[in-house]
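These notes concern the structure reproduced below.
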Amino acid sequence: MTLDTFLSPFVNECITSCFQVDNKEPVVLQATRKEFEGSHTLVVFPFTKFSKKSPEETGKIIGEYLINHTSIIANYNVIKGFLNLTLKDNYWQEFLETVVSDSNFGRQPDNGLTVMVEYSSPNTNKPLHLGHLRNNFLGYAVAQILEANGYAVIKANLINDRGIHICKSMLAYTKYGNNETPESANMKGDHLVGKYYVIFDKALKEKASELRELGWNDEEIEKNNPLLQEAQDLLRRWEANDPEVLSLWNKMNSWVYAGFEKTYKRMGVKFDKYYYESDTYLLGKGIVEEGVAKGVFYHKEDNSVWIDLAPEGLDQKLVLRADGTSVYITQDMGTADLKYQEFGIDKSVYVVGNEQDYHFVVLKNIMKRLDRVYAEGIYHLSYGMVDLPSGKMKSREGTVVDADDLMQEVVNEVAAYSKESGKLDDFEENDLNNLFETLGIGALKYYLLKVDPKKRMLFNPQESIDLQGNTGPYIQYTHARIKSVLRKAEQLNLDFLTNSNSVLLEDSEKDVIVWLSNFESTIKQAADEYAPSLVANYVYELAKLFNTFYNELSVLKETDTSKMKLRLQLCLATAKVIKSAMLLLGIDVPERM
RNA sequence: GACUUUGUAGCUCAGUUGGAUAGAGCAACUGCCUUCUAAGCAGUAGGCCAUUGGUUCGAAUCCAAUCAGAGUCACCA
């Protein structure tokens, strides 16, 4: 239980008995500023309307009441309407022992709800890039955070394995591929297929300039470029189940999947359920019929089907073309139903870039109009694009930061940094490589996750990812450092899990313990707001507070046994919380580094 | 043009259910390794919280307008 929920009823009781007014609002405490005595602060201004007294007097009355009616408050002071509470050291000492003994500290029990988090959702015509890294890390972290808050979570990946873009790669491969394979080219399959996507675009542009010289205007070129028509023809043949086309499609997709699998493995993300658009792209037509029957959708003169979302403040939206074929939203309607039918999900999170904000508002509103029970649980986790200094990344033009390359670069950078410092010389080769991997991928994940997802971010490939300060490795280092102390304590056979004597807490000790007590509410809030960045900021602050303590006070050289025990508990608790917070972000922490 | 979103230190970002003197990291500068791991710690310097107005005991936070960047706007996914 958090301190807010513990103290709320007492504060409200106090208001009832002292001022004869009922306050139903739960009370929110905030952290006390460093320059004042105390750890938690209650802002008393809102209560002055009940007390009809000055803020100072009101604060005193509440402070007095809390001292007399709870057993955990040691002292209080009131400054300018801020009631600062000092809790008894006993309280913190007991709290610390619960953190040490509770293996689920910070997590919530099962809440009986199921949520699906759909993320990654790649196209199979090109390898993953930096933007996908943000998407994957976010999706995975949000899934972990929801799970920690009691949800049953299904991680889903909807693979966009069909469409004109794949046909472009296929066409270029047919024309210029010479039966190249990932083995013969010594390339990951996704990179090989991506190579032909770029080749197609180049050929298309060359063709366009040829045609321009022949006197075609831009519009004609756009419409009638023979290469584009060939690709469209390929798509038609695919839809008609042409065996030759299907076989090439299967072959190239299998290359891509083999490549993706490696990339996902290195990223450390997983999926419980794969959906393939080639299976789902015809879904949703039944829903269109249903919608027409219910009068939610209507036909236009050309027989296309629409919904009018004007009452919701939106526009009219096409849901089925005049020729009866689906559009994007038709498929998404179908897939939404499918997900619900298969898993009975209560919530559905879509991790998709912010250029699709409008699409998801429309989707949610349509499903509401169709009276879907799950409609209210649809949530679009919208995130900003990652830009390069040169502007937007474009796969077609090959101006992307490739995910595989970037991960390798960061790992290399970690290795170089580490060799310079020379302190890992006693590591085995294999362990060393694993460590570099943990640190490098950790640095990258933390870098992308510490920022609010809504914000677009700029990534400069020329400037390497930092390894000091507010970074993954800083937090990982703090963990390794604590583990080192704990290993030494183990060698000395120190038994510190319980401590019978009360200890007077030093400021730097108390700061860490107080911050540990915020872990639970942080994960709760992170789940409510789908915001891994809150967890990242929390764990960074924890590491900082711990490092301050570490530099100020010695653990193993402390001669007072009770104090030493307490500090060892503090170490153990902090290591546990760092590890568990980092795992929520999908980041591993090393035992040594 | 309409709607959505972002704007905080040189750079990257916290802080936004209204609360005390706006916080970190990087970069710069000073110190601290014979002491449990210096990927660390302590410190200096750096701010018209885009602008203007409003709401109130109190505004980076809420409201309105303006400026700047980004995105979307109906048959591409």
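None of these values were measured; they are calculated from a predicted model. In what follows, every chain begins at residue 1, and chains take the letters A, B, ... in the order their sequences are listed.
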Test applied, side chain to side chain contact (heavy atoms under 4.5 Å, CB included); reference residue, Phe549(A); option that passes from Asp507(A), Val555(A), Asp511(A): Val555(A)
Value in whole Å for how far the P atom of rA74(B) lies from CG of Leu318(A): 11 Å
Proximal nucleotide (of rA39(B), rC36(B), rU6(B)) relative to the Tyr550(A) side chain: rC36(B)
Donor-acceptor contact present, side-chain Asn135(A) to main-chain Ser120(A), <3.5 Å: yes
C1' spacing across the pair rU8(B) / rA24(B), given as an integer number of angstrom: 13 Å
Touch class at under 4.0 angstrom, heavy-atom based, for Leu439(A) against every strand present: base
Selection from rA77(B), rA20(B), rG40(B) that lies nearest to any side-chain heavy atom of Glu277(A): rA77(B)
Contact nearer the 5' end of RNA chain B, comparing Phe82(A) with Lys317(A): Phe82(A)
Rounded distance in Å between the P positions of rA50(B) and rA9(B): 8 Å
Ionic contact status for Lys563(A) with Glu509(A), cut-off 4.0 Å: no
Rounded distance (Å) that lies between atom P of rC41(B) and atom CG of Asp511(A): 14 Å
Distance between C1' atoms of rU21(B) and rC41(B) (Å, rounded): 25 Å
Touch class at under 4.0 angstrom, heavy-atom based, for Ser554(A) against every strand present: base
Contact under 4.0 Å: Arg33(A) side-chain N or O vs rG23(B) OP1/OP2: yes
C1'-based separation of rG7(B) from rU16(B) [nearest Å]: 14 Å
Check: Tyr474(A) ring centroid to Tyr477(A) ring centroid under 6.0 Å: no
Any Lys80(A) side-chain N or O less than 4.0 Å from OP1/OP2 of rU21(B): yes
Whole-Å distance separating the CZ atom of Phe45(A) from the P atom of rC57(B): 11 Å
Neighbour count >12 (heavy atoms, 6.0 Å) for atom CD, Glu428(A): no
Separation of atom CH2 in Trp306(A) from atom C1' in rA74(B), rounded to whole Å: 5 Å
Sugar-phosphate only, base, or nothing, as touched by Tyr474(A) at under 4.0 Å among non-hydrogen atoms: sugar-phosphate
Length of the CG-C1' vector between Asp466(A) and rU12(B), whole Å: 9 Å
Side-chain N,O (Lys488(A)) to OP1/OP2 (rU37(B)) below 4.0 Å: yes
Base of rA20(B) paired with side chain of Thr41(A) (donor-acceptor, under 3.5 Å): yes
Touch class at under 4.0 angstrom, heavy-atom based, for Asn84(A) against every strand present: base
N/O (side chain, Arg487(A)) to phosphate O (OP1/OP2, rU37(B)) under 4.0 Å: no
Touch class at under 4.0 angstrom, heavy-atom based, for Leu534(A) against every strand present: sugar-phosphate
Residue of the set Leu130(A), Asp452(A), Val451(A) for which side chain to side chain contact (heavy atoms under 4.5 Å, CB included) holds with Met457(A): Val451(A)
Inter-nucleotide P distance (rG23(B), rU44(B)), Å rounded: 13 Å
Rounded C1' spacing from rA39(B) to rC26(B) in Å: 14 Å
Pairing partner of rU44(B) (Watson-Crick or G-U wobble, both distances under 3.5 Å): rA28(B)
Nucleotide paired to rC73(B) in any strand shown, Watson-Crick or G-U, under 3.5 Å: rG1(B)
Ring centroid separation Trp249(A) to Tyr276(A) under 6.0 Å: no
Rounded distance in Å - CG (Asn125(A)) to P (rA77(B)): 14 Å
Base-pairing assignment for rC67(B) (Watson-Crick or G-U wobble, both under 3.5 Å): rG7(B)
Closest nucleotide among rA74(B), rA39(B), rU37(B) to the Tyr417(A) side chain: rA39(B)
Side-chain heavy-atom pair His380(A), Lys364(A) within 4.5 angstrom cut-off: no
Sugar-phosphate only, base, or nothing, as touched by Met457(A) at under 4.0 Å among non-hydrogen atoms: sugar-phosphate
Under 4.0 angstrom between Tyr328(A) side-chain N/O and rU72(B) OP1 or OP2: no
Touch class at under 4.0 angstrom, heavy-atom based, for Asp452(A) against every strand present: sugar-phosphate
Contact nearer the 5' end of RNA chain B, comparing Ile79(A) with Gln316(A): Ile79(A)
Among rC41(B), rA20(B), rC36(B), the nucleotide that comes nearest once only the side chain of Asn551(A) is considered: rC41(B)
Given rU17(B), rC41(B), rA39(B), the nucleotide with the shortest approach to the side chain of Lys544(A): rC41(B)
Strand partner of rC57(B), provided both Watson-Crick or wobble distances fall under 3.5 Å: rG19(B)
Sugar-phosphate, base or nothing in reach of Tyr540(A), heavy atoms under 4.0 Å: sugar-phosphate
N or O in side chain of Lys455(A) less than 4.0 angstrom from rA14(B) OP1/OP2: yes
Atom-to-atom span, CD1 of Ile475(A) to P of rA14(B) - whole angstrom: 15 Å
Under 3.5 Å donor-acceptor pair, Asn547(A) side-chain atoms to rA39(B) base atoms: no
Nearest-angstrom distance from the residue atom CD of Glu541(A) to C1' of rC13(B): 14 Å
rU6(B) versus rC63(B) - spacing of their P atoms, nearest Å: 12 Å
Nearest heavy atoms of Leu458(A) and Leu388(A), plus distance in Å: CD1-O, 4.1 Å
Options rG71(B), rC26(B), rA77(B), nucleotide nearest the side-chain atoms of Gln356(A): rA77(B)
Six-ring centre of Tyr383(A), Arg134(A) cation under 6.0 angstrom, axis tolerance 45°: no
N-glycosidic conformation, rC49(B) - syn within 90 degrees of 0, else anti: anti
Nearest listed nucleotide, side chain of Val555(A), among rC13(B), rG19(B), rC36(B): rC36(B)
Sugar-phosphate, base or nothing in reach of Ala480(A), heavy atoms under 4.0 Å: base
Stacked pair Phe36(A)-rA20(B), distance under 5.5 Å, angle under 30°: yes
Distance, P atom - from rU37(B) to rG19(B), rounded to whole angstrom: 42 Å
Candidates rU37(B), rA77(B), rA42(B) - which lies nearest the side chain of Thr548(A): rA42(B)
